[in-house]
Amino acid sequence: MEQEALREHTEMLDTIRELNKQLKLKEFVISSFIPPQYALLYDDVDQGGRAVWDEAREAWIIPGLNTRKGNRLRERRASGRPETELSREMKMVQSPPSLQLI
């Protein structure tokens, strides 16, 4: 009986360690790739964020943001590759290949 309790205790500690490891990885990714002012939005509502736990789904729900900047970014990505100011200027200066002399 005591051995079984010790085994269960060890398994629970292993599970806690694995969960802590996963949590630290997620926190590292968030801190590395999401600016702090936006990362706060994904906190629990009780902590000033926007995330809400849905008991029925057993999942976190994060309502979308409607920001002009975000929409422009999506539109820009949908239209093709990012382009620098220099490349835009060079397109205007250079003639199309069909009109160039060889």
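- Expressed to the nearest 0.5 Å, how far CG of D14 lies from NE2 of H9 amounts to 10.0 Å.
- When all heavy atoms of A51 and W60 are compared, the closest pair comes out as CB-CE3, 3.7 Å.
- With sequence neighbours excluded, the residues that form a side chain to side chain contact (heavy atoms under 4.5 Å, CB included) with E18 are K21, Q22.
- In this structure, R7 places its CZ atom where more than 12 heavy-atom neighbours from other residues, nucleotides or ligands lie under 6.0 Å away.
- In the hydrophobic cluster analysis, where Ile, Leu, Val, Met, Phe, Trp and Tyr join through side-chain heavy atoms closer than 4.5 angstrom, I30 is grouped together with Y38.
- Between the CG atom of L6 and the CD atom of Q3 there is a distance of 7.5 Å, given to the nearest 0.5 Å.
- The environment of E8 atom CD is dense: over 12 non-hydrogen atoms of other residues, nucleotides or ligands sit within 6.0 angstrom.
- By the 6.0 Å contact criterion, CD on E58 is open, its count of non-hydrogen atoms from other residues, nucleotides or ligands being 12 or less.
- Atom-to-atom distance recorded for N20:CG and L25:CG is 12.5 Å, nearest 0.5 angstrom.
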